[in-house]
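Throughout, residue positions are numbered sequentially from 1 according to the sequence presented.
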Amino acid sequence: MYQSYGLSHIQLTVADLERSFRFYQAMFGMQELFRVGAHVVMIQTPGSHEVVTLNANPAHADQRGQMGGVAHFGFRLREPADMAALLEAAARAGGTPIEHGTRGADKEETWAFMTDPDGYEVEVFWAP
């Protein structure tokens with residue numbers, strides 16, 4: 001077995017680098033770490049180790065929004081949130097709301113699903 005620090009990063013092929021960056025910045029407070037050439041930006045939620053790489057290389061345009069067998073990826077919130085309001089914020093930021101609800105034995109966990117501007121499905125959840 002190899003020890004790791006956990007997930008390092010995911011890379012998303014996007015149509016518009018700045019639009020996608022604005023979405024993740026507005027929704028999760030992600031900040032730019034650095035850019036790699038004209039088509040790639042590495043972004044990170046403050047205080048986390050995971051990185052999202054946004055790649056707008058035109059050579060990969062046919063791959064935009066394709067999950068490739070991955071159903072979705074998720075962000076766990078630090079504080080409870082009104083998920084209906086969160087989905088409204090996602091729409092204002094350029095995403096598309098899907099649904100929200102609760103789960104768990106006491107319905108204590110709240111969740112919401114949306115797509116980002118390129119169609120990637122994102123889950124947001126809070127659990128005590």
Compare every heavy atom of P58 with every heavy atom of H39, then report the nearest pair and how far apart it is.
CE1-CD, 3.5 Å
Contacts of F21 meeting ring pair (Phe, Tyr, Trp, His ring centres under 6.0 Å) (sequence neighbours excluded), chain-then-number -> none
With sequence neighbours left out, write down each residue that passes side chain to side chain donor-acceptor pair (under 3.5 Å) with D118, or none if nothing qualifies.
R19, S20
Looking at H49, I'd like to know if its NE2 atom is crowded, meaning that more than 12 non-hydrogen atoms belonging to other residues, nucleotides or ligands lie closer than 6.0 Å.
no
Please report the shortest heavy-atom distance between L77 and A81, naming the atom on each side.
CD1-CB, 3.7 Å
So do the side chains of V41 and L17 get within less than 4.5 Å of each other, counting heavy atoms only?
yes
Correct closest heavy-atom pair for T13 and H60 would be CG2-O, 3.1 Å
Under the criterion side chain to side chain contact (heavy atoms under 4.5 Å, CB included), I'd like the reasoning laid out for V122 against T115: C-alpha separation, chi angles, the key distance, then a yes or no.
CA-CA 6 Å; V122 180; T115 63; over 6 Å; no
Does the side chain of V40 come within less than 4.5 Å of T53's, by heavy atoms?
yes
Across all chains, not counting sequence neighbours, the side chain to side chain donor-acceptor pair (under 3.5 Å) partners of Q66 are none
Rounded to the nearest 0.5 Å, what's the gap from CZ on R78 to OG1 on T45? Could you check?
8.0 Å
Only pairs at least two apart or in different chains count here, so list each ring pair (Phe, Tyr, Trp, His ring centres under 6.0 Å) that has a residue in residues 84-128.
H72-F113, W111-F113
If you look at every heavy atom in L33 and Q44, which pair is closest and at what distance?
CD2-OE1, 3.4 Å
Check side chain to side chain donor-acceptor pair (under 3.5 Å) between E109 and all other residues, then give those that pass, not counting sequence neighbours.
R103
Tell me every residue that passes side chain to side chain donor-acceptor pair (under 3.5 Å) with E88, counting only those two or more places apart in sequence or in another chain.
none
Could E50 and R76 be called an ion pair, given the rule that one side-chain N must be under 4.0 Å from one carboxylate O?
no
Would you say that V52 contacts L54 through its side chain, given a criterion of any heavy-atom pair below 4.5 Å between the two side chains?
yes
Within the structure provided, determine whether M114 and L87 are in side-chain contact (heavy-atom separation under 4.5 Å).
yes
Are N55 and V36 side-chain neighbours, meaning at least one heavy-atom pair lies under 4.5 Å?
no
Min side-chain heavy-atom separation M30-F23 under 4.5 Å
no
Smallest separation among heavy atoms of M83 and A112, with atom names
SD-CB, 3.8 Å
Looking only at heavy atoms, what is the nearest atom pair of P117 and A93, with distance?
CG-O, 4.5 Å
